[in-house]
Amino acid sequence: MAAADTSLADQIAQCVIDSYRALPKRGKPTSKGPDKEEWTVLAGFVIEDTRPEASQRLTCVALGTGLKCLHSKQLRPFGDTVHDSHAEVVARRALVVYLMNQLHQPQTMPPVFGTHSDSAKHRLDSQLLLHLYTSQCPCGDASVDSLKTAEDEDEEPQLKRRRVNDGVIRGHQDFASLGTLRLKPGRADSIPTLSMSCSDKIARWNAVGVQGSLLAQLIDPIYLSSIVVGDLFNQQSIDRALNQRVARALADKRLPSGFRANQCTIEQATVVFERSQTAMKANNASVSEDGVVTADSSIYWFLGAASSVALVNGQRQGAKVRRDACQTKKLWPDICKLALFHKYRELFPQSQEVSTYRQEKDRAAEYQAVKACLAEAPEFGAWVRCPEECESFDTAGCVQTAAEDSR
Ligand SMILES: [Zn+2]
């Protein structure tokens with residue numbers, strides 16, 4: 001199809017879907033039998049090169065799929081597991097790997113980063129724009145209105161109705177509450193997760209950037225130009241969840257140089273991701289409503305990777321999980337906290353004096369200052385942070401006790 005015939009939003013969506021299709025089957029949703037078909041969410045980051053002379057305008061640089069999230073009792077202290085495997089989160093972690101690689105040894109032309117005389121840090125080239133595509137509206141506040149319409153008749157059991165924490169709602173309940181922090185839903189009868197919804201996490205990227213705290217020490221924050229959403233699209237609720245909350249929370253704050261309350265454009269994609277819930281239900285008349293089930297596995301991929309990687313329960317698919325010890329290095333998913341920490345230290349070895357992942361994150365003073373500004377605002381004050389005992393590992397995945405830290 002000629003580019004001129006298609007909206008930029010659809011081109012961005014198509015760019016991610018094409019990259020997904022080019023990846024091997026392993027970890028992708030599949031047919032589980034004659035009356036069982038898996039669906040998933042696909043998310044991906046696309047860099048748009050706006051230079052007139054650019055040979056390729058849109059490039060998908062990272063993507064992820066998935067709908068699963070570990071509950072609080074499944075979390076591990078070694079950093080070797082991906083706690084939150086929702087597509088947007090997996091894709092964002094893959095983006096961080098891509099950015100680390102680009103910063104260390106640029107593989108693409110033109111280079112993604114430049115340096116500027118007014119800042120010691122690297123900066124994404126100003127003619128490059130970053131877009132996020134997600135095949136379904138991000139879970140949490142952005143999708144509350146659509147789910148409310150879809151499930152108005154659904155009587156929820158009392159079990160689902162408990163709040164975990166003041167100001168935070170557990171998953172799919174209390175749809176009347178808008179602009180509220182929500183934890184990722186697990187099954188109604190399961191132990192709660194400690195992972196904030198994708199709406200909450202993307203909203204926070206609008207304040208601190210998508211690069212994460214480690215890279216924030218080396219580069220200026222990178223913000224989304226737009227988010228392109230497929231199913232359950234509702235402009236108003238997405239804008240409320242991702243933009244307005246952040247604008248309100250940071251309205252009176254003085255932010256460190258380079259940071260802002262970013263407002264991303266919100267666009268709807270009309271191209272269809274073939275393994276979305278809507279497409280699976282529409283295209284499989286022979287499969288009953290209950291036969292279209294959520295995929296157990298996730299995949300992630302970043303530009304420059306040899307291939308995509310499949311994850312199940314936050315570990316590489318097929319890896320035997322050692323219960324009481326860190327996985328061996330070759331089993332670490334590239335996008336887990338431990339692998340990112342290890343890679344960061346390997347690529348940028350100037351930062352040797354702190355020992356744990358949490359300490360390294362805390363060194364990003366400006367990034368943490370923006371997070372603190374958000375935490376002071378009622379919109380984000382009840383944010384549930386990953387427990388410290390899950391971020392007290394060193395670059396080898398050894399858990400450092402408090403006593404050792406204070407020596
Ligand atoms: Zn999500």
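Note that this is a predicted model, so its numbers are computed, not measured. Worth knowing before you read on, the calculation uses all heavy atoms, side chains too, and leaves out hydrogens, waters and symmetry mates. Atoms within a ligand are numbered from 1 in the order they appear, just like the ligands themselves.
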Student: Less than 3.5 Å apart, which donor and acceptor atoms pair up between the side chains of residues 377-387 and the rest of the protein, not counting sequence neighbours?
Tutor:
unit_1	atom_1	unit_2	atom_2	d
E379	OE2	R248	NE	2.8

Student: Can you check whether L218 reaches Y344 side chain to side chain, under 4.5 Å on heavy atoms?
Tutor: yes

Student: Return the name of the atom in H86, of element N, O or S, nearest to the Zn ion (ligand 1).
Tutor: ND1

Student: Would C69 count as a contact for the Zn ion (ligand 1), in the sense that one of its N, O or S atoms lies under 2.8 Å from it?
Tutor: no

Student: For the metal site, I want the angle between atom SG of C198 and atom SG of C139 with the Zn ion (ligand 1) at the apex, to 10°.
Tutor: 110°

Student: If a pair satisfies ring pair (Phe, Tyr, Trp, His ring centres under 6.0 Å) and one of its residues is in residues 263-294, list it, with sequence neighbours excluded.
Tutor: Y20-F273

Student: Is there a donor-acceptor contact under 3.5 Å linking the side chains of D239 and Q244?
Tutor: yes

